[in-house]
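So the structure is just underneath, and the comments pick up after that.
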Amino acid sequence: MAEQGNLFEGQDPAARAEALRREIEHHSYQYYALDAPTISDAAFDSLMRELREIEAAHPELVTASSPTQRVGGYVGEQFAPVVHERRMYSLDNAMDLDELDEWMERTAEACGGALPPLCCELKIDGSSIALTYEDGVLVRAATRGDGTTGEDITVNVRTVKDVPLRLRDGALSGIRDADASIELRGECYMPKTSFEVLNAAAESNGKQPFANPRNAAAGSLRQKDPQITAHRDLSTFVYAVGDERKLVAETQWDLLKWLGEAGFHVNPDIALVTSAEEVHEFCRKSLERRDALPYDIDGVVVKVNSFAQQEAMGYTARAPRWAIAFKFPPEEKTTLLRDITVQVGRTGKLTPVAEMDPVLVAGSTVARATLHNEDEVLRKDVRVGDTVIVRKAGDVIPEVLGPVLSLRPDDARPWSMPKECPSCGSPVVREDGEADYRCISIDCPAQALERLLHWASRGAMDIDGMGEEIVRRLVESGRVSDVADYYTLDEVELAQLQTGRTNKEGEPICLGQTIAKKLVAAIDESRTRLFARPLFGLGMRHVGKTMAETLARAFPNMDALMAATEEQLAAVDGVGPKIAHSTYLFLRTPDNVQVIERLAKHGVRLADDVEAQAADALPQTLEGLTFVLTGSLTQSGMKRDEAGAALKARGAKVSGSVSKKTSFVVAGEAAGSKYDKAVALGVPVLDEAALLHIIETGEAPTADGE
Ligand code: AMP
């Protein structure tokens with residue numbers, strides 16, 4: 001192509017650049033929208049290279065819609081609000097064919113008795129986007145947000161290759177007033193295979209994987225740095241217009257046709273039908289094809305085809321009356337149950353775990369699932385060797401539903417809990433009225449490992465770097481057996497701790513000086529955590545994080561807590577008799593008392609420094625507000641807990657779930673269902689920059705999230 005470039009020497013660079021742009025746009029359209037490329041990748045790259053060269057030599061020729069300009073700009077501190085042309089509604093759901101039929105009956109009634117022509121489409125499971133074009137050029141892209149106002153994600157959406165930066169020639173004739181801006185809407189999604197690759201990379205880098213492709217797409221669109229979005233493989237399907245009066249098209253079917261001509265990626269699985277049977281058939285076929293599709297769908301959307309009839313039917317407060325989403329049941333897969341292993345938790349609880357052949361369910365690979373307890377295994381009657389049905393509860397947590405009995409091998413035996421702890425061999429017990437078996441040995445290494453990991457975990461003492469591999473080696477070497485032992489470790493011995501791996505010469509690899517130094521510093525730092533942290537870290541039964549905070553508020557230090565009677569404990573607001581009993585027992589058990597005394601001796605602060613806290617007390621500017629934090633806070637590197645503590649320090653409440661009472665939801669990267677719920681309930685959503693502003697200044701945000 002370089003030689004070919006010479007052929008055009010002497011040609012006006014502006015004309016040549018424009019010709020190249022058109023050619024590149026055409027091939028992008030063939031490739032991304034039609035899935036039918038007509039030139040090789042190398043030839044396409046060569047056209048791009050030539051255009052880049054011309055633009056580099058003549059910067060004045062660069063246009064915003066040039067294909068070279070997909071990545072650029074920066075989101076800035078906050079995603080700016082974008083008011084949609086018309087509200088972006090949600091959809092009403094039909095959970096089964098009966099509900100779908102009821103909707104069709106209502107629709108027929110509203111349209112004068114007969115079922116009007118209906119347009120059936122796949123319901124793409126992604127993140128909705130609104131694209132605004134002015135004079136045929138993409139000027140803005142936004143999220144749905146609360147339906148009225150979304151967030152400006154233009155720089156990120158520009159990197160999505162199947163979004164035309166400029167509409168194709170001829171498309172403008174389909175717009176009534178070609179000068180007016182027009183908002184087109186669709187779904188941005190991540191193909192299943194790209195999601196797998198992204199998650200595999202996240203896991204090998206020690207990062208939290210996304211729960212499903214939908215979250216991955218939403219998280220990728222809300223990146224502050226468009227370079228990151230550009231590296232995520234995102235695609236779109238466009239299927240709607242903000243204000244249909246602006247188009248010549250008068251039906252959904254014609255709109256889809258026009259969108260395709262205008263250069264958008266339009267889903268080919270559509271049908272224009274006139275009977276309930278045909279709608280059923282479309283739903284049945286789509287469900288059958290679901291697995292084979294390269295992207296996730298969660299149902300079928302049925303829309304009244306005529307815009308005039310749509311307008312006549314109108315909207316409820318939440319959704320159009322003229323459309324319905326037929327929701328598929330959660331995806332189920334079958335796989336082989338290879339084994340049922342037993343996990344020993346830190347309180348000795350034994351949990352049976354299904355170990356299965358890996359299988360892709362609702363977007364991610366599932367190979368293990370908890371079976372909760374023995375009763376559950378017996379109730380479901382799952383046996384090793386069975387083919388089992390798996391799904392993801394709430395699209396996230398893998399769950400074994402039961403066996404396919406017809407495929408059961410003859411020798412499959414019912415499962416029962418082992419009589420001995422798989423870790424230490426001590427007999428296991430099941431107390432009356434309890435579903436769980438427990439190993440009650442205090443010397444059980446599996447329990448010790450879990451207790452030690454729990455103490456070092458983020459929510460407890462947050463000893464950075466004290467991961468499973470190191471703790472396992474410390475336990476195996478006999479150097480650490482309870483949490484107080486952490487505080488006796490020194491740099492020299494940690495540096496020499498063997499990792500269990502060997503180098504090329506077969507010599508054992510040790511932790512080394514650098515890691516040892518960091519670990520000792522992290523252990524040291526953990527000595528001064530607020531009282532609720534070690535209380536939680538001790539792993540008393542029924543004492544989770546919130547309960548530890550409650551106890552720490554009621555008792556200023558460990559001595560006071562240890563001196564409390566069961567009645568005094570039960571008298572604390574929020575502490576029931578069960579928690580009072582288990583806490584009391586824990587603090588009266590000699591081994592535990594000894595660990596606590598040793599912790600104190602090694603300088604772990606087991607008290608809240610009330611005076612220091614009072615001196616530090618911040619004005620309670622956030623009193624009366626309830627925040628919910630979701631997603632990860634990538635800009636500040638702050639952990640959610642830390643952010644929560646900072647909000648609480650100013651008087652706010654921080655809750656784990658979104659309700660109408662929630663004042664604000666803070667959505668970090670890859671925010672998931674809580675974000676969706678906030679939007680559905682109309683709770684204002686703040687981004688991380690806004691959160692940092694609140695934490696720094698203490699200024700309460702206003703209800704519109706500003
Ligand atoms: P829900 O979020 O469950 O209320 O469903 C409504 C959402 O489905 C819309 O906001 C769109 O983002 C999405 N959706 C996916 N595919 C389609 C489609 N073909 N037509 C309309 N909406 C769709």
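Counting starts at 1 for both ligands and their atoms, in listed order. Counting from 1, the numbers follow the sequence of the chain as shown.
Each of Tyr89, Ser90, Leu91, Glu121, Leu122, Lys123, Ile124, Ser128, Arg144, Glu187, Tyr239, Val301, Lys303, Lys327 has a non-hydrogen atom positioned under 4.0 Å from some atom of ligand 1.
Contact check on Lys327 versus Asp298 returns a salt bridge, with a Lys/Arg side-chain nitrogen under 4.0 Å from an Asp/Glu carboxylate oxygen. Between Glu288 and Arg284 there is a salt bridge, since at least one side-chain N of the basic residue sits less than 4.0 Å from a carboxylate O of the acidic one. Between Glu25 and Arg21 there is no salt bridge, since none of the side-chain N atoms of the basic residue sits less than 4.0 Å from a carboxylate O of the acidic one.
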What's the verdict on side-chain contact (heavy atoms from CB on, under 4.5 Å) for Arg222 and Glu688, showing C-alpha distance, side-chain angles and the deciding distance?
CA-CA 11 Å; Arg222 298 186 83 258; Glu688 191 179 343; over 6 Å; no
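A cation-pi geometry, defined here as NZ or CZ lying under 6.0 Å from the six-membered ring centre and within 45° of its normal, holds between Arg168 and Tyr29.
Asp35 and His265 share no side-chain donor-acceptor pair at under 3.5 Å.
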